[in-house]
Chemist: 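My structure is below; once you've seen it, I'll send some questions.
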Amino acid sequence: MYIHKKSLFHKIKLFFLIFIIVFPLSLISGCEKKEEEKTSSVDFTVVTDSDIPKELKKLIKERRKNPFELSFSDGSYLYVVKGYGKQQATDYSIIVNDFYMSEDTLVFDTDLSGPEKESNTSQKPSYPYIVIKTRYIENSIVFK
């Protein structure tokens, strides 16, 4: 009887040891981000401030203090906006790395480029954002 209990105890201990190791690993592997594969490029135009629709300007002004992402349509065109929130200086640039269609989404990939350290940049706060315009496409948008 003693041998049987010891064997059962070892089996239970082994089961919990495996569970403690395998379960967290399965959770981690399930949290992998799906990379959106490019199926085609999408033509776009960077929109100047004077060409942004009034309704969109209002939305941008409401959100500009914090980082934001939004899309807006006027029925004919799709506007995609990426804002980087309040920055402590001026002279920031936003680089559009890519704008493309994946299987079922549009992907908008941008980066914020800060002012040169040696430049005489104003220390006045700024709210950098970029607006692009493309033909109306009804897909959801992934921001990178």
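Fair warning: this is a prediction, and the values are worked out from it, not measured in the lab.
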Chemist: Decide whether Asp111 and Asn97 meet the rule of one side-chain donor and one side-chain acceptor closer than 3.5 Å.
Modeler: yes

Chemist: Are Lys38 and Asp98 ion-paired here, with the side-chain N under 4.0 Å from a carboxylate O?
Modeler: yes

Chemist: Linking I/L/V/M/F/W/Y whenever any side-chain heavy atoms sit under 4.5 Å apart, do Phe72 and Tyr136 land together?
Modeler: no

Chemist: Honestly curious: do Val96 and Leu112 fall in one hydrophobic cluster under the side-chain, below-4.5 Å linking rule?
Modeler: yes

Chemist: With side chain to side chain contact (heavy atoms under 4.5 Å, CB included) as the test, would you mind laying out the steps for Ser40 and Met101 before giving the verdict?
Modeler: CA-CA 5 Å; Ser40 64; Met101 181 87 70; 3.6 Å; yes

Chemist: So which atom in Pro128 and which in Gly85 form the shortest heavy-atom distance, rounded to 0.1 Å?
Modeler: CD-O, 3.5 Å

Chemist: Under 30°, 30 to 60°, or over 60°: which ring-plane class applies to Phe99 and Phe44, parallel, tilted or perpendicular?
Modeler: perpendicular

Chemist: If we ignore hydrogens and angles and just use 3.5 Å, is the side chain of Thr105 paired with the main-chain N or O of Val107 as donor and acceptor?
Modeler: no

Chemist: In the single-linkage hydrophobic clustering (I, L, V, M, F, W, Y; side-chain heavy atoms under 4.5 Å), do Leu106 and Val46 co-cluster?
Modeler: yes

Chemist: Does some side-chain heavy atom of Ser102 sit less than 4.5 Å from a side-chain heavy atom of Glu37?
Modeler: no

Chemist: Has Arg64 got its NZ or CZ under 6.0 Å from the middle of the six-membered ring of Tyr127, at an angle within 45 degrees of the ring axis?
Modeler: yes

Chemist: Phe143 vs Phe108 aromatic rings, parallel, tilted or perpendicular, using cut-offs 30° and 60°?
Modeler: perpendicular

Chemist: Which heavy atom of Lys82 sits nearest a heavy atom of Glu69, and at what distance?
Modeler: NZ-OE2, 3.1 Å

Chemist: Tyr100, Ile137: one ILVMFWY side-chain cluster at the under-4.5 Å cut-off?
Modeler: no

Chemist: Using every non-hydrogen atom in the two residues, find where Leu78 and Ser71 come nearest and quote the distance to one decimal.
Modeler: CD1-CB, 4.1 Å

Chemist: Is it the case that Lys133 places NZ or CZ above or below the six-membered ring of Tyr77, under 6.0 angstrom from the centre and within 45 degrees of the axis?
Modeler: yes

Chemist: Is Glu62 atom CD crowded by more than 12 heavy atoms from other residues, nucleotides or ligands, each under 6.0 Å away?
Modeler: yes

Chemist: Taking all non-hydrogen atoms of both residues, which atom of Asp49 and which atom of Lys57 are closest, and how far apart?
Modeler: O-CE, 2.9 Å

Chemist: Using only atom types and a distance under 3.5 Å, with no angle test, would you say the side chain of Ser113 pairs donor to acceptor with the backbone of Ser93?
Modeler: no

Chemist: Check whether Val80 and Val42 end up in the same hydrophobic cluster, where Ile, Leu, Val, Met, Phe, Trp and Tyr are linked by side-chain heavy atoms less than 4.5 Å apart.
Modeler: yes

Chemist: For Val81 and Ile60: C-alpha separation, side-chain torsions, deciding distance, then whether side chain to side chain contact (heavy atoms under 4.5 Å, CB included) applies.
Modeler: CA-CA 8 Å; Val81 185; Ile60 292 169; 4.1 Å; yes

Chemist: If the test is side-chain contact (heavy atoms from CB on, under 4.5 Å), which one of Leu70, Thr110, Ile52 qualifies with Tyr129?
Modeler: Ile52

Chemist: Over all heavy atoms of both residues, which pair between Tyr92 and Ser126 is shortest? Give the atoms and the distance, please.
Modeler: CD1-OG, 3.9 Å

